[in-house]
Amino acid sequence: MASRDMVGIQRFLVGRFAGNTASYYSIISPLFADEAFRIGSGSLNFESGDVAMRSSWWPIPAVVAALVAAAGIEAADPVTSDLALPAMFGDHMVLQRDIPLPVWGRGRPGEAVTVTVADRTADATVDANGYWSLRLEPLAASREPIEMRVRAASGERSFHDVLVGDVWICSGQSNMGMGIGTVPGAADVIAAADVPGMRLFRVDQQVALEPAEDCSGSWTACTPKGVLAGGGKGFSAVAYFFGREIHEASGVPIGLVGTYVGGSRCASWTSLDALRNNPLFRQTVSEFTRHVAMLPDRMRDYNERLLPEWTAVYEKRQARLQADLAAWQTASAAAEAAGQEPPPRPRPGELPRHPHQPDKDFNVPGVLFNGMVHPLIPFGIKGVIWYQGESDAYPGRDAIYRDTFTTLVTDWRGRWGQGDFPFLFVQLPNFGSKENWPVIREAQRQSLAVPATGMAVTIDVGDPQDLHPADKAPVGRRLALLARALAYGEPLVASGPTLASVEADGATMVLGFDNVGRGLVARKPGAEPDAAGEPSNFELAGADGVFHPARARIAGDRVRAESAAVPAPVRVRYAWAATPEPPVDFFNRDGLPASPFEANVGVVTGRP
């Protein structure tokens with residue numbers, strides 16, 4: 001059997017079972033294991049992350065098709081589908097202004113599709129595979145609601161209350177995902193969240209082994225009810241504060257697309273193609289390959305052993321609890337009749353952790369890109385904000401984080417095809433004592449070498465005791481400052497001091513900085529900002545690589561640092577701790593903190 005036929009059969013299976021992985025593994029996996037359906041002998045060959053089959057081994061396609069039909073699993077035939085558009089197109093959406101506007105979907109092969117938005121109209125013809133796409137001429141920003149109409153012989157769709165402005169993708173892990181209901185004074189913040197010019201779209205969590213065609217989610221208006229839509233504690237607080245600030249500053253409608261998963265790694269959000277193209281990620285790609293190879297057995301173990309065992313324990317505990325409650329009610333009634341205190345109400349015992357469902361594992365490389373980013377492309381956007389890194393602060397992943405993250409940035413930009421759109425990210429805040437934390441921060445700082453990126457420094461607004469600091473307003477506002485400067489061209493100071501040069505002057509390190517703003521200052525507790533002060537948390541090292549505390553002094557737009565223990569310094573670092581102690585006090589006079597860093601004399605990375 002030709003390899004192209006094998007790939008076609010694999011795609012047939014993926015298409016038939018899309019969104020129904022439990023059925024896929026319960027029906028097709030036993031078939032793979034059944035000798036009766038093998039042709040010759042051989043085994044699965046998981047190469048390059050695709051399920052390619054050796055030519056001597058493959059389930060008979062007709063049998064597979066029969067099993068699919070016998071299972072009663074319905075799957076729309078993509079080649080005969082009526083007119084349909086992805087979930088990103090809907091009532092209350094924001095369309096990106098000032099760019100040729102991409103619109104795409106499905107239909108019946110050969111039929112004409114016409115899209116009209118305001119006074120713009122464009123046509124397309126559905127191809128042989130059931131796809132169509134077109135681009136409308138650019139639209140100017142508009143706060144006045146308009147309609148989009150999509151017409152074809154097989155159907156018509158109309159989308160109402162559509163605005164034209166700027167669309168921002170808001171992605172990352174739990175600190176991006178923390179809802180507006182978790183912030184200090186949440187009730188007042190939510191009550192004030194009536195912003196007619198802002199719209200919200202939250203992508204529902206889904207993992208996918210192949211790039212997904214669509215996602216689940218819908219646009220909502222930004223209202224006190226809308227910011228809480230979708231469950232949890234509502235829409236991303238960071239994204240909300242960011243969007244509100246740039247909406248008020250720019251005066252144009254803002255659409256925020258939240259696609260985030262708590263605990264996720266950077267590689268999960270990066271396409272497998274991008275990872276495969278860099279030998280550095282060979283081990284990362286192999287994680288995906290192993291996951292695919294082991295998934296049928298792991299799903300079988302989950303369905304046949306782990307889940308039934310957990311369910312048995314749960315049901316036994318529930319039955320015991322109900323019996324205890326019945327006995328308690330009887331005892332309470334007797335105590336009340338006797339004028340005595342009732343016994344304490346029984347509490348449910350602690351259940352064992354619910355077993356992890358293997359096909360929902362979101363920390364497999366590529367699967368969140370496939371499920372939660374790919375369906376958004378090429379919807380027109382202004383840029384991206386990103387808050388992630390905590391789950392990569394572990395040995396091995398921290399060392400390659402700069403490469404992983406910059407690969408993600410380049411990959412997303414290339415796939416969207418809108419050039420170097422602004423990509424703004426949050427540097428990890430002060431928290432805990434993990435030695436990997438500063439390594440991730442330095443990788444993030446060095447990522448500023450990628451054009452049109454910006455970094456919000458949060459080393460002063462974290463919580464040393466809490467991985468998830470509650471106050472997300474400063475984070476959103478600092479991202480908004482970066483957007484206002486990079487994306488909207490406002491002449492403002494958008495960042496705290498960032499290292500620009502490192503020179504040795506005898507026993508003294510002389511450090512130069514970008515983003516000085518109105519001047520460098522040391523901000524000591526209870527004192528006025530001091531332009532000639534001595535900021536804390538500087539360290540120097542000589543050729544032996546051992547760091548020692550240094551005395552630092554601001555001198556104009558430079559800092560001079562020295563240590564009696566290091567007569568010939570060659571390396572310097574600042575705030576190199578998960579939680580610097582004392583708290584950081586090195587800022588510009590505009591109130592923005594300096595980024596932590598580590599650098600050698602004459603070598604400064606992290607500058608575009």
Side-chain angles (χ1 to χ4, degrees), residues 3-4 6-15 17-19 21 24-25 44-54 86 169 171-173 203 205-215 259-261 263-296 298-299 357-379 384 386 388-389 391-392 394 396-397 399-417 423 443 447 450:
S3 61
R4 64 179 179 272
M6 300 171 199
V7 172
I9 294 169
Q10 173 64 14
R11 289 180 177 171
F12 163 79
L13 291 174
V14 170
F17 287 91
T21 53
Y24 181 96
Y25 291 112
L44 282 170
N45 178 22
F46 294 91
E47 295 178 350
S48 303
D50 295 323
V51 183
M53 304 303 300
R54 301 182 191 220
I169 303 295
S171 189
Q173 58 180 105
V203 179
Q205 183 173 327
Q206 71 171 356
V207 302
L209 300 181
E210 297 280 341
E213 185 176 316
D214 201 0
C215 63
T259 180
Y260 35 73
V261 175
S264 57
R265 302 173 189 169
C266 189
S268 299
W269 295 99
T270 310
S271 77
L272 281 168
D273 287 342
L275 294 171
R276 289 186 186 117
N277 287 335
N278 188 335
L280 180 65
F281 302 126
R282 187 174 290 110
Q283 180 63 33
T284 304
V285 173
S286 72
E287 291 179 30
F288 175 86
T289 306
R290 288 195 303 272
H291 173 75
V292 173
M294 297 171 62
L295 194 51
R298 293 180 63 205
M299 283 300 299
Q357 186 169 328
D359 63 340
K360 302 297 185 184
D361 189 349
F362 55 76
N363 272 328
V364 176
V367 298
L368 292 180
F369 171 84
N370 287 342
M372 300 180 67
V373 178
H374 187 269
L376 313 181
I377 301 171
F379 196 87
V384 173
W386 174 264
Q388 191 274 336
S391 290
D392 284 284
Y394 291 88
R397 293 199 296 273
I400 62 170
Y401 187 79
R402 180 186 65 176
D403 298 280
T404 309
F405 178 54
T406 56
T407 296
L408 179 149
V409 174
T410 303
D411 184 39
W412 287 22
R413 285 174 169 173
R415 289 174 180 274
W416 248 283
F423 206 111
S447 298
V450 177

Determine whether [X] and [Y] make a side-chain contact, defined as any pair of heavy atoms from C-beta on separated by less than 4.5 Å.
| X | Y | result |
| --- | --- | --- |
| L209 | F288 | yes |
| Q388 | C266 | yes |
| I377 | F369 | yes |

How close do [X] and [Y] get, heavy atom to heavy atom, and via which atoms?
| X | Y | value |
| --- | --- | --- |
| V292 | P296 | O-CD, 3.5 Å |
| Y401 | G389 | OH-CA, 3.8 Å |
| P375 | A212 | CG-O, 3.7 Å |
| A267 | T404 | N-CG2, 3.9 Å |

[X] side, atom [atom1]; [Y] side, atom [atom2] - distance, nearest 0.5 Å:
| X | Y | atom1 | atom2 | result |
| --- | --- | --- | --- | --- |
| S264 | Q205 | OG | CD | 8.5 Å |
| M299 | M294 | CE | CE | 13.5 Å |
| R298 | Q357 | CZ | CD | 10.5 Å |
| H374 | E210 | NE2 | CD | 10.0 Å |
| F423 | L408 | CZ | CG | 5.0 Å |
| N363 | R265 | CG | CZ | 4.5 Å |

Backbone N or O of [Y] within a donor-acceptor pair of the [X] side chain at under 3.5 Å?
| X | Y | result |
| --- | --- | --- |
| Q206 | M372 | no |
| T410 | T407 | no |
| T259 | V373 | no |
| D359 | L295 | no |
| H291 | V364 | no |

Next item on the list: For L376 and C215, run side-chain contact (heavy atoms from CB on, under 4.5 Å): C-alpha distance rounded to whole Å, both residues' side-chain angles, the deciding distance at 0.1 Å, then the answer.
Entry: CA-CA 8 Å; L376 313 181; C215 63; 4.1 Å; yes
Margin query: Distance alone, cut at 3.5 Å: any donor-acceptor contact between the side chains of R290 and S286?
Written below: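 Yes, S286 and R290 have a side-chain donor paired with an acceptor closer than 3.5 Å.
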Notebook entry, point to check: So, Q173 versus S391: side-chain donor-acceptor pair below 3.5 Å or not?
Noted result: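 Note: Q173 and S391 side chains meet the donor-acceptor criterion.
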Checklist line | Aromatic ring pairing W416/W412, orientation class (parallel under 30°, perpendicular over 60°, tilted between) | finding: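 Rings of W416 and W412: tilted, as their planes differ by 30° to 60°.
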Check: In terms of the angle between their ring planes, are W269 and W386 parallel, tilted or perpendicular, with boundaries placed at 30° and 60°?
Finding: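 Perpendicular, since the angle between the ring planes exceeds 60°.
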Item checked: ring-ring contact (aromatic ring centres under 6.0 Å, His included) partners for Y260, two or more places apart ->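 Residues passing ring-ring contact (aromatic ring centres under 6.0 Å, His included) with Y260: none at all.
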Item checked: Residues which pass ring-ring contact (aromatic ring centres under 6.0 Å, His included) with F362, listed by chain and number, not counting sequence neighbours ->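 Checked F362 against ring-ring contact (aromatic ring centres under 6.0 Å, His included); zero matches.
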Next item on the list: For the pair F281 and I400, evaluate side-chain contact (heavy atoms from CB on, under 4.5 Å) and give the outcome as yes or no after the intermediate values.
Entry: CA-CA 9 Å; F281 302 126; I400 62 170; 4.3 Å; yes
Notebook entry, point to check: What do the steps show when you test V207 against N370 for side-chain contact (heavy atoms from CB on, under 4.5 Å), and what is the final call?
Noted result: CA-CA 7 Å; V207 302; N370 287 342; over 6 Å; no
Item checked: salt bridge (Lys or Arg N to Asp or Glu O under 4.0 Å): pairs with one or both residues in residues 400-412, sequence neighbours excluded ->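 Sorted result for residues 400-412: D411-R415.
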